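Down below is the structure, laid out as structure tokens.
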Amino acid sequence: MKISDVLRSKGGGVVTIQPDDTVSHLLALLDEHRIGAIVVSTDGTTVEGIVSERDIVRHLHGTGTSVLGGPVSAIMTSDVTTGSAGDNIADLAGTMTEMRVRHVPIVDEEGKLTAIVSIGDIVKHRLSELQSERDALRDYITN
């Protein structure tokens with residue numbers, strides 16, 4: 001199974017934020033969209049970084065509330081692990097586990113941002129797969 005299978009059911013919308021936006025604005029976007037991470041991008045198609053709830057918490061603890069008025073670029077992760085729609089789901093899940101990341105931006109062949117996949121999206125897809133397999137086996141056995 002490929003990441004494109006996950007994206008078919010999830011969709012490809014991606015929320016982005018500019019590097020010079022404030023962390024306060026970032027918090028508002030996370031809340032508004034009920035998501036845990038946002039891709040940092042000046043133009044909405046390039047991946048310049050990613051910032052998650054964990055990044056905010058760590059910086060709040062280390063710096064205090066002054067971080068809220070600062071730019072997203074000060075707390076974002078610049079070295080971003082990305083994937084493609086053609087990636088194997090199990091391989092990407094392994095990479096996410098190994099790298100200890102919960103969100104991976106998906107880019108096309110030219111490196112343009114097309115989607116974002118969370119570990120929750122992968123788990124949801126796998127559970128759906130298992131349910132379908134179980135139903136197929138039950139139907140096979142009873143018929």
Side-chain angles (χ1 to χ4, degrees), residues 1-140:
M1 298 297 275
K2 304 287 183 193
I3 292 299
S4 58
D5 298 319
V6 174
L7 297 178
R8 257 193 294 286
S9 60
K10 175 193 167 140
V14 184
V15 178
T16 63
I17 191 165
Q18 296 204 356
D20 58 347
D21 280 342
T22 65
V23 174
S24 245
H25 183 232
L26 167 67
L27 285 170
L29 286 174
L30 290 170
D31 181 49
E32 175 186 344
H33 296 281
R34 300 180 52 82
I35 55 179
I38 295 181
V39 175
V40 181
S41 176
T42 302
D43 61 8
T45 63
T46 57
V47 178
E48 296 168 47
I50 192 164
V51 64
S52 70
E53 295 165 323
R54 284 182 174 182
D55 295 319
I56 298 165
V57 169
R58 286 185 180 119
H59 283 85
L60 274 170
H61 175 73
T63 309
T65 57
S66 64
V67 74
L68 299 174
V72 169
S73 60
I75 68 165
M76 72 181 190
T77 300
S78 299
D79 186 18
V80 182
T81 299
T82 62
S84 72
D87 287 347
N88 180 284
I89 293 172
D91 292 343
L92 187 61
T95 298
M96 293 171 90
T97 302
E98 181 181 313
M99 302 290 295
R100 298 184 59 109
V101 296
R102 294 181 178 195
H103 301 85
V104 174
I106 304 301
V107 296
D108 65 15
E109 298 80 30
E110 290 91 43
K112 291 187 178 181
L113 179 65
T114 60
I116 188 167
V117 174
S118 72
I119 195 68
D121 297 329
I122 290 174
V123 168
K124 181 179 176 183
H125 183 77
R126 184 63 183 136
L127 288 174
S128 177
E129 253 183 355
L130 290 171
Q131 180 70 36
S132 294
E133 289 173 13
R134 185 189 75 147
D135 292 346
L137 286 171
R138 185 175 346 142
D139 289 347
Y140 177 76

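Quantities reported herein were computed from a predicted structural model and do not represent experimental measurements. By convention here, the first residue in the shown sequence is residue 1.
In terms of heavy atoms, Leu113 sits closest to Pro105 at CD1-CB, 3.8 Å. Of all the heavy atoms in Thr42 and Gln18, the pair that sits closest is O-NE2, 3.1 Å.
With salt bridges taken as basic N to acidic carboxylate O contacts below 4.0 Å, none links Lys2 and Asp5.
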Item checked: side chain to side chain contact (heavy atoms under 4.5 Å, CB included) assessment of Met96 paired with Ile122 -> CA-CA 10 Å; Met96 293 171 90; Ile122 290 174; 3.6 Å; yes
Next item on the list: Please assess Leu7 against Val117 for the test side chain to side chain contact (heavy atoms under 4.5 Å, CB included), listing each intermediate value before the final yes or no.
Entry: CA-CA 8 Å; Leu7 297 178; Val117 174; 3.8 Å; yes
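The salt bridge (charged side-chain N to carboxylate O under 4.0 Å, His left out) with Asp121 is formed by just one residue from the set Lys10, Arg102, Arg126, Arg8; it is Lys10.
Counting heavy atoms from C-beta outward, Ser84 and Ile3 have side chains that stay 4.5 Å or more apart. The shortest distance between side-chain heavy atoms of Leu26 and Asp21 does not fall below 4.5 Å. Taking 4.5 Å as the limit, every side-chain heavy atom of Ile116 sits out of range of all side-chain heavy atoms of Ile35.
If you take CG on Asp108 and OG1 on Thr114, they are separated by 6.0 Å, rounding to the nearest 0.5 Å. Within the model, atoms CD1 of Ile38 and CG of Leu29 stand 4.5 Å from one another, a figure rounded to the nearest 0.5 Å. Remark: Arg100 CZ to Thr81 OG1 distance equals 13.5 Å, nearest 0.5 Å. Atom NE2 of His103 and atom OG1 of Thr77 lie 12.0 Å apart (nearest 0.5 Å). In this structure, Thr97 OG1 and Ile119 CD1 are separated by 5.0 Å, a value rounded to the nearest 0.5 Å.
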Report all side-chain donor-acceptor pairs from residues 50-71 shorter than 3.5 Å, counting only partners two or more places apart or in another chain.
residue : atom : partner : partner atom : Å
Ser52   : OG   : Arg54   : N            : 3.3
Ser52   : OG   : Asp55   : N            : 3.4
Ser52   : OG   : Asp55   : OD2          : 3.4
Asp55   : OD2  : Ser52   : N            : 2.8
His59   : ND1  : Asp55   : O            : 2.9
Thr63   : OG1  : His59   : O            : 3.3

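Within 6.0 Å of CE on Met99 lie no more than 12 heavy atoms contributed by other residues, nucleotides or ligands. Shown here is Asp139, whose CG atom has more than 12 heavy atoms of other residues, nucleotides or ligands within 6.0 Å.
Within the 3.5 Å criterion, the main-chain N or O of Gly120 finds a donor-acceptor partner in the side chain of Ser118.
With no hydrogens or angles considered, a side-chain donor-acceptor pair links Asp43 and Ser41 at under 3.5 Å.
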